[in-house]
*Asks:* 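Once you've had a glance at the structure underneath, I'll fire off some questions.
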Amino acid sequence: MIKKKTIAVIGIGRVGLPLALVLADEGFKVYGIGRDEVKIQKIKDGEMPFIEKDGEKLLREHVNKKFIPTVDYSLVSECEYIVLTLGTPIDENMNPVLDQIEGVLKSIAPFLSKNQTLILRSTVSPRTTEYVKFFINDIKGFEVGKNIFLAFCPERIAEGFAIEEIKSIPQIVGGVDKKSSARAETLFKKMGIVTIVTDDVTAELSKLFTNMYRYINFAIANEFMVLADNYNRDIYEIVNTVNYKYARGGLKLPGLTGGPCLFKDGFFLVSHLPFNDLITTSWKINESVPLMLVSRIRDRIKLDGKKVALLGLAFKSDIDDTRESLSFKARKAFLRERAKLVLHDPYVKDYPYQEIESDVYKAVEGADVIFIATNHSEYKKLDIAKLKSLVSKNCIISDVWNVLGTDKIVFTINQLYQKNNGSSK
């Protein structure tokens, strides 16, 4: 039973803010606690700091009412549940960094009280929850499992659709003991969420394995793309051929595989493996794709002085998050070739090192190369005839996502025009 119905969500980012808004919409009083006073003030003013479906609507409905953005850690003293949605980066040696978690625990330690439940929600390295348990047990008067409770309950949502998915996807609940699991499960059940109860390490590994399974599958798809190219064949035709009405098909399609979770999560695991080749090789393959594509373009055209329109800066479609996006690896590669680079993204407005063109047709005007780095929906709606009229006569297009539907990775603008007009290739 939940008595206070007051919750602190610490870390008002892409994981924490949607959760806080859903909790507020469920009738809880929620303190959204962050460190950046400027960012918190913007949220107080009803400004959603990133793209999130239905985020702006819920924020305006609940901000400064059920949902209270603040930088005051002392407010955790009023809360029955404290949810930590903090960054868990890796250092230059690819080791987990727990500075944010440690910093927050030190900040809230004076304000903890008996019978509170702490929930870790961000992806963490195995046994991090156990580490937090020892940290709390070192605080005088507290013993996890007896008078304070702790669980790891990972987010499992697709970025940009968190509000939509929080209640529809089963929640893994990994308490460090049975009482902690029960306390955490009560919160999610109150929200009508299906729960799967396990222990903390199993929950941590479940989240990491989910991300790594996807990442390795992407690596296989990208390696197959390179192999097909070595035989002058198109991977999209091969995948379509294999998967067509075949129950044991399931080959994945290639793409630029970035983002903060998929990029780093494997490194939470490899230090514990005697043979870590699968994960590290997947990382090498996925990280090499932008350079491979630039190389294929360079085989067709000398890039020095040529105009390149790089379309898409976010790490995945229809969001504005550029963290660990491989678009910037492609950008650096083109600049090394002395190309004249223009950037476009319909959602990303600012980049500290180069201006972003807001009009996609201005971005491609006079382009010798178009490099589609992100499969944004807007690029699927491009007017092909207009595109052809704007670019150079022999413009090269790299479309690893097959946004333009040619089933080719690198091709000329003329092939795109013929395909879309039903002519032979």
Side-chain angles (χ1 to χ4, degrees), residues 9 11-22 32 34 36 39 42-43 46-60 85-89 121-123 154-169 207 210-211 214-215 218 252-265 286-287 289-290 309-331 343-354 356-360 363 371-382 399-403:
V9 177
I12 303 302
R14 294 174 185 268
V15 174
L17 182 52
L19 176 64
L21 294 175
V22 171
D36 188 333
K39 179 180 177 181
K42 287 182 178 179
I43 295 173
E47 183 179 327
M48 195 71 187
F50 48 82
I51 293 174
E52 174 65 42
K53 185 180 178 183
D54 296 328
E56 205 167 297
K57 172 180 170 290
L58 285 186
L59 179 62
R60 290 177 179 173
T85 61
L86 305 168
T88 52
R121 192 144 175 87
S122 301
T123 309
E155 55 83 15
R156 309 180 74 195
I157 48 83
E159 187 173 317
F161 299 91
I163 289 171
E164 183 179 284
E165 293 189 353
I166 282 172
K167 294 179 66 176
S168 64
I169 295 176
K207 174 61 177 174
T210 299
N211 284 353
R214 293 180 62 226
Y215 194 67
F218 287 136
K252 305 301 181 185
L253 295 170
L256 299 190
T257 307
C261 289
L262 296 185
F263 170 81
K264 68 179 174 64
D265 285 0
N286 288 330
E287 287 288 309
V289 170
L310 195 158
L311 307 186
L313 302 175
F315 76 80
K316 73 170 194 171
S317 64
D318 300 334
I319 64 169
D320 57 351
D321 192 347
T322 60
R323 292 177 298 167
E324 309 300 343
S325 170
L326 292 181
S327 301
F328 300 104
K329 183 168 279 192
R331 173 184 176 270
L343 306 180
H344 176 271
D345 192 291
Y347 305 105
V348 179
K349 305 304 179 186
D350 298 302
Y351 178 57
Y353 304 108
Q354 186 175 344
I356 300 174
E357 173 57 59
S358 60
D359 186 321
V360 66
F371 189 96
I372 302 177
T374 312
N375 53 332
H376 288 311
S377 298
E378 178 173 321
Y379 300 145
K380 298 176 183 179
K381 302 172 185 175
L382 287 171
D399 182 14
V400 68
W401 296 104
N402 201 28
V403 167

*Asks:* Do P49 and I43 touch side chain to side chain, with heavy atoms closer than 4.5 Å?
*Replies:*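 Sidechains of I43 and P49: in contact.
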*Asks:* For a 4.5 angstrom cut-off between non-hydrogen side-chain atoms, does W401 reach K380?
*Replies:*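 With C-beta onward as the side chain, the pair stays apart.
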*Asks:* So, taking the atom named CD1 in I51 and the one named CD in E56, what distance separates them when rounded to the nearest 0.5 Å?
*Replies:*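 I51 CD1 to E56 CD: 10.5 Å, rounded to 0.5 Å.
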*Asks:* More than 12 heavy atoms of other residues, nucleotides or ligands under 6.0 Å from CG of D350: yes or no?
*Replies:*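 Atom CG in D350 is not packed in, count stays at 12 or less.
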*Asks:* Give, for atom CD1 of I372 and atom CG of D399, the distance between the pair rounded to the nearest 0.5 Å.
*Replies:*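 If I round to the nearest 0.5 Å, the distance is 4.0 Å.
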*Asks:* Is any side-chain heavy atom of L256 less than 4.5 Å from a side-chain heavy atom of V400?
*Replies:*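 Touching, per the 4.5 Å side-chain cut-off.
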*Asks:* Answer whether the closest heavy-atom distance between the side chains of V360 and L311 falls below 4.5 Å.
*Replies:*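 Heavy-atom side-chain distance check passes, below 4.5 Å.
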*Asks:* For the NZ atom on K349, are there more than 12 heavy atoms of other groups (residues, nucleotides or ligands in this structure) within a distance under 6.0 Å?
*Replies:*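 Yes, because the 6.0 Å sphere around NZ of K349 holds more than 12 heavy atoms from other groups.
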*Asks:* Output yes when a side-chain donor or acceptor of K316 lies under 3.5 Å from a complementary backbone atom of A158, and no otherwise.
*Replies:*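 No, the answer is negative, given that no donor and acceptor are paired below the 3.5 Å cut-off.
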*Asks:* Would you give the length of the straight line joining atom CD1 of I166 to atom CZ of F161, rounded to the nearest 0.5 angstrom?
*Replies:*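 One gets 13.5 Å once the value is rounded to the nearest 0.5 Å.
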*Asks:* Compare every heavy atom of E378 with every heavy atom of P346, then report the nearest pair and how far apart it is.
*Replies:*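 For P346 versus E378, the nearest heavy atoms are CB-OE1, 3.1 Å.
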*Asks:* Start with the C-alpha distance between Q354 and L313, add both sets of side-chain angles, then the distance that settles side chain to side chain contact (heavy atoms under 4.5 Å, CB included), and finish with yes or no.
*Replies:* CA-CA 12 Å; Q354 186 175 344; L313 302 175; over 6 Å; no
*Asks:* Considering the options E155, R121, R14, which one meets the side-chain contact (heavy atoms from CB on, under 4.5 Å) requirement together with T85?
*Replies:*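 Among the candidates, only R121 passes.
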*Asks:* Starting from the C-alpha separation in whole Å, work towards a yes-or-no answer on side chain to side chain contact (heavy atoms under 4.5 Å, CB included) for L310 and S327.
*Replies:* CA-CA 8 Å; L310 195 158; S327 301; 4.2 Å; yes
*Asks:* Hey, does L326 have a side-chain heavy atom less than 4.5 Å from the side chain of E287?
*Replies:*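 Yes, their side chains come closer than 4.5 Å.
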*Asks:* Drop me the distance from I157's CD1 to I169's CD1, to the nearest 0.5 angstrom.
*Replies:*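 I157 CD1 to I169 CD1: 7.5 Å, rounded to 0.5 Å.
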*Asks:* Quick one: does P18's side chain get under 4.5 Å of F50's, heavy atoms only?
*Replies:*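 P18 vs F50: side chains touch.
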*Asks:* Is the count of non-hydrogen atoms from other residues, nucleotides or ligands lying under 6.0 Å from K39 atom NZ greater than 12?
*Replies:*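 Counting neighbours around NZ of K39, more than 12 heavy atoms of other residues, nucleotides or ligands fall under 6.0 Å, so yes.
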*Asks:* Can a donor-acceptor pair be found, under 3.5 Å and without considering hydrogens, that links the side chain of D54 to the backbone of E164?
*Replies:*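 Looks like no, no N/O pair under 3.5 Å.
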*Asks:* Report yes if some heavy atom in the side chain of I356 is under 4.5 Å from a heavy atom in the side chain of V348; otherwise report no.
*Replies:*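 In short, these two side chains touch, coming nearer than 4.5 Å.
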*Asks:* Quick one: CZ on R156 to CG on N211, what's the gap to the nearest 0.5 Å?
*Replies:*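 Rounded to the nearest 0.5 Å, the CZ-CG separation comes out at 10.5 Å.
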*Asks:* Closest approach of G312 and H376, non-hydrogen atoms and distance?
*Replies:*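 Closest pair (atom of G312, atom of H376, distance): CA-CD2, 4.2 Å.
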*Asks:* Aromatic contact between Y353 and F328, with the criterion being ring centroids under 6.0 Å apart: yes or no?
*Replies:*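 No, the ring centres sit 6.0 Å or more apart.
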*Asks:* Hey, which of T374, D321, D318 is the one that makes side-chain contact (heavy atoms from CB on, under 4.5 Å) with Y347?
*Replies:*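 Passing option: D318.
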*Asks:* Please check if the side chain of E52 supplies one atom and the backbone of A162 the other of a donor-acceptor pair under 3.5 Å.
*Replies:*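 Indeed, once roles are kept as given, a pair shorter than 3.5 Å links the two residues.
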*Asks:* With rounding to the nearest 0.5 angstrom, report the NZ to CZ distance, K252 to F218.
*Replies:*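 Reported to 0.5 Å precision, the distance equals 8.0 Å.
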